[in-house]
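Here is the structure we will look at.
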Protein chains: 2
Amino acid sequence: MPKPSMTVRELIRAQYESLTQSERKFANSLLENYPAAGLASITIVAANAEVSTPTVARMVQKLGFKGYPQFHQALLKELEAKVSGPNRRRDNWATEAPDGHMLNRFAKSVTQNIEQTFANIDMTQFDAAVRQLGKADSRLYMVGGRITRALADYAFTHFQVVRPRVTHMTSSSATWPHYVLDMEPGDTLLLFDVRRYETNLQRLAEQANERGITVILITDQWSSPIAKVATYTFHCWIEIPSGWDSNITTMMMLEALIAATQEENWPETRARYDRLDSLFDTTFLFKKFP
Amino acid sequence: MPKPSMTVRELIRAQYESLTQSERKFANSLLENYPAAGLASITIVAANAEVSTPTVARMVQKLGFKGYPQFHQALLKELEAKVSGPNRRRDNWATEAPDGHMLNRFAKSVTQNIEQTFANIDMTQFDAAVRQLGKADSRLYMVGGRITRALADYAFTHFQVVRPRVTHMTSSSATWPHYVLDMEPGDTLLLFDVRRYETNLQRLAEQANERGITVILITDQWSSPIAKVATYTFHCWIEIPSGWDSNITTMMMLEALIAATQEENWPETRARYDRLDSLFDTTFLFKKFP
DNA sequence: ATGGCTCTGAAATTAATTTGACAGAGTTTT
DNA sequence: AAAACTCTGTCAAATTAATTTCAGAGCCAT
């Protein structure tokens, strides 16, 4: 009998470290669909998580329950309490967080931002941009501003895996002309510019545009002036309740582009993935994960 | 199998007339404490209503269920549906995108990941971590791995605005010992480690931990081994339909921490914001935005 | 009153769930 | 490379739950 004040979810979280591989498999299955995935009989529950029944039985004992039935009861009680409880308010994301807590306000705006951003993607533009990003025979440059530099970096790390000829233009704008010098028609420039918009970036975009480079711009809902010269523009909703802007949707936009590009170029990129993987295997830098 | 659209409560009401005396006894017991009084095994449920098990069995069959287990399941489903609220599940996010389009598949997993991640944040840990991150009198170090380096960079840019004494440990792990040398008890190390977990990071975390540094770890749902030595650990769900992992939730976690820290230290940080703003104004690097 | 009727719960039967023992696979240590 | 160890699933025994059977209780009409 574990502490009665703790939810099963908390119990799992607290003991997650001491769980074995298969036990985690079940734990994840439960957490992903909580608590529904734990309400059936042990046989069904185990089958859904693709582990054996003894694994589940052992784990619930590890969590402190006398047996599966106790565990089952505990889940039911929780569920019941939640329904009859005073504040079964759905906008409470972090189940335990109080209404006014930063986490909940934050979660709310993030969700809204994501919905807005997705709803405003122009499919034609998206698909065209993806095709452009996948053109492995030309160069792909990327650059960001003060804040979005990190995103350009992230983009670089991933596109480098997806395709060859990728360049991250470092943040020192003094060096940008050198890059422009080497750009050729057909090349691509992936550009991040959110408020406050940076004049350096705008000049860079204009120069690139004059040289016949395809400019893909990821900006915010208010649109950077660069949009005027960009071939494709994607707007991201970035307002959150704080003094600065969130870049979750910006990164989401970026990841969506990467994912689509990767899918488009499959299986060429697959070969690159595999090669990279075997390189990692020989460097011992990384741990194998289950 | 009764009409799936009907709740058990409605079923009972509809057939109440045709129920016998003992059956009504059970029905009332259930309706009085609905649905809790129907969630246990038939034996217990019957005992609570002070009727025999056959009575219950007969009645649920009369209601249209094949047997008690079916009835039980139906109650659970109802309860579950109630908790998860009005299913506002959007199948198509990008309004124009067809069902199978990458964007929609992507949006779906991202949403799930976000929900998962939020639901699994331990409030106590979160608040404590925020307090630690806001301790302006000690140093705050941050570091990431191959992929998460960009996130550490992003974290640096923002925390630098929020508070003084912030250091981004550059990606070359050869230089890390030098940083450790300068770390002092009370300092904080914000660490990103998602799969594939990096051994260098683990060694760094262990050393920091030995020196009495508070280690805040942001990792994935499978948990980096660093969690063993970390003071606070936050798990992010990062799986998307692609060969690599999404870091949207990782960034979200980070932003949430930043936002909370900023709120915690208001108005000290406000002064820094204002100062930064006037600095920008004098450099002409940035455009004014509306 | 008594035969016919329905309803009820004890007990027996049947089905299912849960747990413990064990052996093989995989991993780490010596 | 061998040994020790840990983990995992198969299987069978034990426990528990659900269903069926059936005898008796209550009720009503004759």
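Computation of the quantities below employed the complete heavy-atom set of this structure, encompassing side-chain atoms and omitting hydrogens, waters and symmetry-equivalent molecules. Lettering follows sequence order; numbering is per chain, from 1. Just so we're clear, the structure is a prediction, and the values are computed from it rather than from any experiment.
- A straight line from CD1 of B:Ile44 to C1' of D:dA18 spans 13 Å, rounded to a whole angstrom.
- Applying the ring-ring contact (aromatic ring centres under 6.0 Å, His included) rule to B:Tyr68 yields the partners B:Phe71, B:His72; only residues at least two apart in sequence or on another chain are considered.
- With sequence neighbours excluded, the residues satisfying ring-ring contact (aromatic ring centres under 6.0 Å, His included) with A:Tyr16 are B:His235.
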Quiz item: Base, backbone or nothing for each nucleotide of nucleotides 5-10 of chain D, written B, S, -, heavy atoms under 4.0 angstrom, 5' to 3'?
Solution: --SBBB

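- Side-chain polar atoms of A:Tyr34 and B:Gln116 form no donor-acceptor pair below 3.5 angstrom.
- Among the heavy atoms of the strands lying under 4.0 Å from B:Gln61 are primed sugar atoms or P, OP1, OP2 only; no base atom is included.
- Partners of A:Asn265 under the side-chain contact (heavy atoms from CB on, under 4.5 Å) rule, at least two apart in sequence or in another chain, are A:Glu268, A:Thr269.
- Atom CG of B:Leu39 and atom C1' of D:dA17 are 16 Å apart (whole Å).
- Across the protein-nucleic acid pair, B:Tyr68 atom OH and D:dT16 atom C1' stand 14 Å apart, rounded to whole Å.
- Atom CD of B:Gln70 is separated from atom P of C:dA16 by 11 Å (rounded to the nearest Å).
- As rounded to whole Å, 13 Å separates atom P of C:dG9 from atom CD1 of B:Ile42.
- Taking atom NE2 on B:His72 and atom C1' on D:dT19, their separation rounds to 17 Å, with Å as the unit.
- In this entry the distance linking CZ of B:Arg24 with P of C:dC7 reads 11 Å, nearest Å.
- Residue pairs meeting the salt bridge (charged side-chain N to carboxylate O under 4.0 Å, His left out) criterion with at least one partner in residues 238-248 of chain B, sequence neighbours excluded, are B:Arg195-B:Asp245.
- Going from atom CE of B:Met59 over to atom P of D:dT19 covers 14 Å, rounded to whole Å.
- Partners of B:Lys228 under the salt bridge (Lys or Arg N to Asp or Glu O under 4.0 Å) rule, at least two apart in sequence or in another chain, do not exist in this structure.
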